[in-house]
Amino acid sequence: MAPAAAEAPKPRPKFLRQYELIDRVLAYDPTADEALLNRAYVYAMRMHGSQTRASGDPYYAHPIEVAGILTEYRLDTATIVTALLHDVIEDTPVTKDEIAKLFGEEIAELVEGVTKLSKLELQAEHMRQAENLRKFILAISKDVRVLLVKLADRLHNMRTLHFIKNQAKRERIARETRDIYAPLARNIGCHRICVELEELSFQHTNPVARDAIIRRLDALREEQGGAVALVSQEIAARLESSALPARVFGREKSPYSIWRKLQRKSIGFSQMSDIYAFRVIVDSEEDCYRALGVVHRAWSSVPDRFKDYISTPKRNNYRSLHTTVVGPRGMRIEMQIRTEAMDRVNEEGVAAHFRYKDASYGLDLEGMEAAAGRDPLANLRQLVQVLEHGGDSEELVEHAKLEMFLDQVFVFTPKGKLVSLPRGAMPLDFAYAVHTSVGDTCIGVKINGELKPLRTPLVNGDVVEVVRGSKPVVPPDWRSLTVTGRARSAIRRHIRQTEKEEFLRLGRASLEQVFERAGKKLKDVSLRPILERFALENDDALFDAVGRGRVSPSQVLETAYPGMKDSEREAATARRKIEGGKNATLYVRGGGLTPGVSLHFAHCCSPVPGDRIVGILREDGEGLDVHTIDCPRLAEYEDREELWRDLNWTPEAERSTISLTRLHATIQNAPGVLGLVCTIIGEAGGNIVNLRMHHRQSDFFDTDIDVEVRDAKHLTNIQAALRACPSVETVDRTRG
């Protein structure tokens, strides 16, 4: 038997050695703190120790490679050290305080900002996605380097994702990368990272489609590769002959961007005309426009295919001229014209602005904003505002995706200030982009000097003027008139606040009425024992609970005055409620009534003094049911005259009783309307004892209101007062 072959030695893991990493940093930042970098490198290796990754490599190879990715973007020493340490809090016993002691408070804050919370792994996928997003965006609002480290971390994880054996886990991570991290990279202008994250995600979420597109690209490259090189040479020659030296090269669309366009436009691969695009790099902004003139004079431009992102940069500070021409050999050519500085910012985003300034190395935000003419982190600040308006996890992901994915449209204020919005945005999106208070008080809009509906989509170049009211009025259906997460979350917040105020007013009014009827005053009562009984934090929480029907006013009164019985409360108001039983004969009389018979007031029609009434003998011998003469239930007894009794009210009933009846109202769905309805009933002398809302729509909702009234005339007056309110569509007494 042949001897067993010796086991081949395992290849050494491929990651940057200590000196290689430091040499990379020193190449662009000679003032970097070598000692700090050395300590961080060694500390990360020691802390992660024998931990390994799914690939079999030692775990410390991962933070070292993340740091290596960030050196490609020439980031500062603190960011590189953060990359080396970004997993030590999560995966080792190290604490933030220990990092602060060894490496400084700045690096400790950055590491904490990147660290995942372990409990997020136990939550549902959409919850984990939302909480990660919330955490990173809030951290980014303090320091954008947190996001840069996280993006590099995710990029290296995606490069090694194929080592994870569980396919479902691979697909989940890839979807999260595509939906959250790639758009975040695009949002801060890191095009290079964004494209690679999208491609790596595509590889795991739809490998069949990706392989098919790659095969088509290989065939196209073989067929047209020579033509692309010739076109580049011809464009460069035309520019050089006009004394405009330029660097010209062709680029190929990525498989994922091709797939996204095929899906979005429902076209086939052969119908795509912009798989190849040409980039023209010139020396100055002025040369960009001169080069555009040369190109348009040489070849016919395609209508509606020119975009000037230099004068109006994209929201992530992307700047370039885009045009499409029918170029040499009749080829349809998409062309991008920009300077070297623009090209670097377009590819690297915020990371492109780390440079020397005043003998120090760091992120030059002032120079960045001056170059682009706007806040470089404006997009992320808008996402922070979405977070501040609250909402649940699903809302957060929805709004964040709205902010990150949609393309843009440029409009102007009447004073000429440029406002960029997602494509498809409407006037309310513009109003909330200007300021939350402008959106809340918007009652109309003028577009280019003409009054237009709030549903009008905005287009490039529109001048938008918001017509404002004196106070905030935000109908719930306004959410259908917006596309931005900022506007939708602000509307939702305002509606929640308005509803809360409405329930507070309703609850307070209900309690004041009940206490007044009992001969007491709410303001003279200590609410502390009531709050303790119902486990409520403060007075407003009590009024809110009463307004929403979670606590009844009678329970509050009973808690405040434990010994007070119903009869005492009735005596305090010198009124008696009409109730069923033998005592009901105090209020109802009629021929043929047996002395001592029990009378029961039917709930189907709730008779009140002044109604024409009739009695129906119960077949079980338990007395008589009292109905109004027009109650629909009486149709059941049409053929049984022996059960009918003629009844009428006694003077006592018409003089000193309270009756309970139910109103059914259809009310406009707008802030404050429910409170207004309750106020009208209270001012008319009615006492609401119960209220239930149902069939709530965007415009109207139905409500059943149980009201205590004196008699039929009193009830009619309340109905008339409600019908006079423009916000009340219908109001009827419930019968049957």
Side-chain angles (χ1 to χ4, degrees), residues 509-510 512-514 516-519 553 566 569-581 583-591 593 599-616 624-634 645-667 674-692 702-736:
S510 299
E512 287 175 345
Q513 281 188 2
V514 168
E516 186 179 342
R517 290 171 61 78
D566 287 344
R569 274 177 263 170
E570 290 169 1
T573 60
R575 290 190 179 277
R576 285 167 292 192
K577 291 184 181 180
I578 294 182
E579 296 176 353
N583 290 337
T585 54
L586 292 171
Y587 315 124
V588 177
R589 63 188 177 189
L593 285 184
L599 298 179
H600 305 273
F601 293 95
H603 294 295
C604 53
C605 53
S606 302
V608 300
D611 287 333
R612 291 181 60 197
I613 54 177
V614 67
I616 300 293
L624 195 73
D625 288 333
V626 180
H627 293 265
T628 60
I629 196 68
D630 55 354
C631 177
R633 290 285 303 277
L634 294 179
R645 296 292 184 270
D646 289 329
L647 302 176
N648 52 51
W649 299 98
T650 67
E652 176 72 12
E654 298 178 344
R655 188 168 53 243
S656 57
T657 58
I658 297 173
S659 303
L660 183 66
T661 190
R662 175 170 291 179
L663 295 175
H664 177 81
T666 300
I667 301 171
L674 186 58
L676 175 62
V677 166
C678 296
T679 301
I680 291 172
I681 293 174
E683 290 176 347
N687 179 42
I688 298 173
V689 297
N690 191 29
L691 184 147
R692 186 173 68 89
D702 295 334
T703 181
D704 292 328
I705 309 170
D706 293 337
V707 187
E708 290 180 343
V709 297
R710 294 186 295 275
D711 51 32
K713 182 178 179 182
H714 185 201
L715 177 59
T716 301
N717 290 340
I718 291 175
Q719 288 179 269
L722 289 172
R723 289 182 181 126
C725 176
S727 298
V728 177
E729 182 74 6
T730 62
V731 59
D732 298 291
R733 183 177 172 182
T734 301
R735 297 186 185 276

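Since the model is a prediction, treat every value here as computed from it, not as a measurement.
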Rounded to the nearest 0.5 Å, what's the gap from [atom1] on [X] to [atom2] on [Y]? Could you check?
{"X": "His600", "Y": "Ile616", "atom1": "NE2", "atom2": "CD1", "result": "13.5 Å"}
{"X": "Asn690", "Y": "Asp704", "atom1": "CG", "atom2": "CG", "result": "9.0 Å"}
{"X": "Asp611", "Y": "Cys605", "atom1": "CG", "atom2": "SG", "result": "8.0 Å"}
{"X": "Ile613", "Y": "Ile629", "atom1": "CD1", "atom2": "CD1", "result": "9.5 Å"}
{"X": "His664", "Y": "Ile705", "atom1": "NE2", "atom2": "CD1", "result": "10.0 Å"}
{"X": "Asn687", "Y": "Glu708", "atom1": "CG", "atom2": "CD", "result": "4.5 Å"}

TODO: Mark yes or no for whether Arg733, through its side chain, and Ser606, through its backbone, hold a donor-acceptor pair below 3.5 Å.
DONE: yes

Open item on the list: Strictly distance-based, threshold 3.5 Å: is any side-chain N or O of Thr703 a donor or acceptor partner for the main-chain N or O of Arg692?
Closed with: yes

Task: From CA spacing to verdict: salt bridge (Lys or Arg N to Asp or Glu O under 4.0 Å), Arg723, Asp732 - done: CA-CA 10 Å; Arg723 289 182 181 126; Asp732 298 291; 3.8 Å; yes

A side-chain contact here means heavy atoms from C-beta on lying under 4.5 Å apart; do [X] and [Y] qualify?
{"X": "Leu663", "Y": "Leu722", "value": "yes"}
{"X": "Cys678", "Y": "Leu691", "value": "yes"}
{"X": "Val608", "Y": "Asp711", "value": "no"}
{"X": "Cys604", "Y": "His627", "value": "yes"}

What are the two closest non-hydrogen atoms of [X] and [Y], and how far apart are they?
{"X": "Leu676", "Y": "Cys725", "value": "CD2-SG, 3.6 Å"}
{"X": "Pro609", "Y": "Ser659", "value": "CD-OG, 3.1 Å"}
{"X": "Ile667", "Y": "Val677", "value": "CD1-CG2, 3.9 Å"}
{"X": "Ile718", "Y": "Ala684", "value": "CG1-CB, 3.7 Å"}

Open item on the list: Please determine whether the number of non-hydrogen atoms from other residues, nucleotides or ligands lying under 6.0 Å from atom CZ of Arg612 exceeds 12.
Closed with: no

